[in-house]
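Proteins come first, then strands; the chains are lettered A, B, ... in the order of their sequence lines, and each starts at number 1.
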There are 2 protein chains.
Amino acid sequence: MPSGPRAWQVVLDAVERDLLEGRLSPGDHLPPERTLAADLGVGRSSVREALRVLEVLGLIRTAVGSGPSAGAIIVARPGGGMSALMRLQVAAQGFEVADVVKTRLVLEGSIVTDLAEACRTHAVDLAESAQILAAMESPTLTEAEFLALDTQFHLSLAQASGNQVITATMAGLRSAIEGYARAGLATLASWPATSARLRLEHRGILAAIMAGEADAARLAVQAHISGYYAETQLASSSSTPTTR
Amino acid sequence: MPSGPRAWQVVLDAVERDLLEGRLSPGDHLPPERTLAADLGVGRSSVREALRVLEVLGLIRTAVGSGPSAGAIIVARPGGGMSALMRLQVAAQGFEVADVVKTRLVLEGSIVTDLAEACRTHAVDLAESAQILAAMESPTLTEAEFLALDTQFHLSLAQASGNQVITATMAGLRSAIEGYARAGLATLASWPATSARLRLEHRGILAAIMAGEADAARLAVQAHISGYYAETQLASSSSTPTTR
DNA sequence: CAGTCTTATGTGGTCTGACCACAGGTTACA
DNA sequence: TGTAACCTGTGGTCAGACCACATAAGACTG
């Protein structure tokens, strides 16, 4: 009965099982596609469909050729797949920008709160964030470069929090927003003036974190995010709890 | 120069563009694979690799046969892809359970806070949540059935909040946790006693929401989640902000 | 004529075989 | 000994074939 699990699903399950049961770990090579196909009793095309999924999900990296560098390698790269997923969900109108922003508010508020509280008890490595902030002071930045650094700053905070899940989700949210931007649905109103304010707010956020002022940091970052989106022309079709 | 974008990426980009520019909307049919291949100048196998990605990401649904019901259909089903993604990230050890739980705490805390505040101003449809709670009172439930209802309850709250992004993320987090469970990494310590407490806490959470007591609801749900995971034997390799 | 049965058509699902380009190792030659 | 040519294994891609399935169109039967 061929109506069972589809062939590519068999491959995906096999890889997942190998991962869970320790036969595969980050850094390991998957067998060659042809070997995988023979071992699992499926065609090479089915194997390739499964590998493509794993690749988009950010679990493997592939390289052609021969030797140690070639083949599919397990890479646990949180965030890779999340970005593609959220961007496409936005494109398919499954996600609304207001929901994305709200999620960002919640997660980033948690991040800076945790970071600030951690700062009260021990040193926290915020060098990367500070470095990005310094780079943002350059007067020769284009709007696109500035926004890229802005993204990096916020992601560096997530990274510093050490929570891979939140970091990956944040990366996905940024990617979703950039999807809107690419579609021309989001543009900043008055750029030069805004950039100065954003810089100021960034410094304030980082200062509050390092001072261990958790509430101040949270409020600052949430105001920062809200303010940013308020200035963009994102259609704010906010979703609210369903009423009856 | 054949080292350009890979063929399947071309297909993925084309679909994403069609989505963004309104040529494709939820409910629409994609052209048949063979047509898509001919139109984009790639082989059918490449088209299939792209479609497989879209399917796993939850953007399309496919059906064999002919007629109106067959073919690939755009479906904006938030949550579908997130589940696969997070489950696999867990398998590949990119995500740690402590991070998953932390994210759940943050997001679910936000959900119930919003719901409670919404209840203060207008009626909110929490019928589904209440219904699930009622079903959980059945004395004939197995542990697996109970846990499935538990998942449904928490997801129904997310749904009621109306935020698709958070709902999808929550679904992914549950899926990740279930991945741990399948791997035998998480088992409840003392089942029968726990179930009674969980039921009680569920009722408390819903009551707090409906009473509009935002803080109480938030604290209750966070205690509920923390308590649950404290009783499981999940290896709690908590991640903390990086120190230097 | 109405209803059912058979057949045709279109679709996804899968496999096989064939190339190509590329990276690395191996061998032959200067 | 050092370099160049070749060989091998790998992913990337395509074309073609076949199957199973769902629907639609036509043929048959009462």
Side-chain angles (χ1 to χ4, degrees), chain A residues 1-15 18 24 27-75 77 80 84, chain B residues 1-15 18 24 26-75 77 80-81 84:
Chain A
M1 207 232 297
S3 69
R6 292 198 267 172
W8 61 269
Q9 189 71 45
V10 170
V11 181
L12 214 52
D13 288 348
V15 173
D18 285 351
L24 280 177
D28 288 352
H29 281 252
L30 258 60
E33 296 178 356
R34 291 162 176 90
T35 307
L36 219 39
D39 288 353
L40 296 172
V42 301
R44 192 182 159 210
S45 31
S46 300
V47 170
R48 284 185 60 77
E49 290 180 25
L51 292 187
R52 215 50 50 221
V53 169
L54 290 174
E55 181 174 347
V56 170
L57 258 35
L59 261 82
I60 64 171
R61 176 182 69 72
T62 60
V64 297
S66 102
S69 70
I73 304 181
I74 298 285
V75 294
R77 179 170 55 92
Chain B
M1 204 236 297
S3 68
R6 291 197 267 172
W8 61 268
Q9 188 72 45
V10 170
V11 181
L12 213 53
D13 288 348
V15 173
D18 284 351
L24 281 177
D28 288 352
H29 276 76
L30 258 58
E33 298 179 355
R34 291 161 177 89
T35 307
L36 219 39
D39 288 353
L40 297 172
V42 301
R44 192 182 159 210
S45 27
S46 299
V47 170
R48 283 185 60 77
E49 291 181 23
L51 292 186
R52 216 48 51 219
V53 170
L54 290 173
E55 181 173 347
V56 170
L57 258 36
L59 260 82
I60 63 171
R61 176 181 70 72
T62 61
V64 297
S66 100
S69 72
I73 305 181
I74 298 285
V75 293
R77 178 172 54 92

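Pairs passing the salt bridge (charged side-chain N to carboxylate O under 4.0 Å, His left out) check and including a residue from residues 35-47 of chain B, sequence neighbours excluded, read E33(B)-R44(B).
Under the side-chain contact (heavy atoms from CB on, under 4.5 Å) rule, P31(B) has a single partner from L40(B), V47(B), L36(B), which is L36(B).
A heavy-atom distance below 4.0 Å to DNA chain C is reached by these residues of residues 41-51 of chain A, ordered by number: G41(A), V42(A), G43(A), R44(A), S45(A), S46(A).
In this structure, of dG12(C), dT13(D), dT14(C), it is dT14(C) that holds the atom nearest to the side chain of A7(A).
Side-chain atoms of H29(A) do not come within 3.5 Å of backbone N or O of I74(A) as any donor-acceptor pair.
In this structure, L54(B) atom CG and dG12(C) atom C1' are separated by 15 Å, rounded to whole Å. One interatomic measurement links the two molecules: CD1 of I60(B) to P of dG12(C), which rounds to 10 Å at whole-angstrom precision. Atom-to-atom, CD of E33(A) to C1' of dC15(C) comes out at 15 Å; the value is rounded to the nearest Å. Between L40(A) atom CG and dC15(C) atom C1' there is a gap of 15 Å when expressed in whole angstrom units. dG12(C) atom P lies 12 Å from atom CZ of R61(B), rounded to whole Å.
Not a single donor-acceptor contact under 3.5 angstrom links the side-chain atoms of R52(B) to the base of dG13(C).
Map V64(A) and W8(A) each onto its nearest nucleotide of DNA chain C; the residue landing nearer the 5' end is W8(A).
Contact annotation: the side chain of I73(A) never approaches that of L30(A) to less than 4.5 Å [non-hydrogen atoms, C-beta and beyond]. Taking 4.5 Å as the limit, some side-chain heavy atom of V56(A) sits within range of a side-chain heavy atom of W8(B). Contact check for V15(B) versus L24(B): side-chain heavy atoms found under the 4.5 Å cut-off.
Nucleic acid contact class of A37(B) (heavy atoms, under 4.0 Å, all strands): none.
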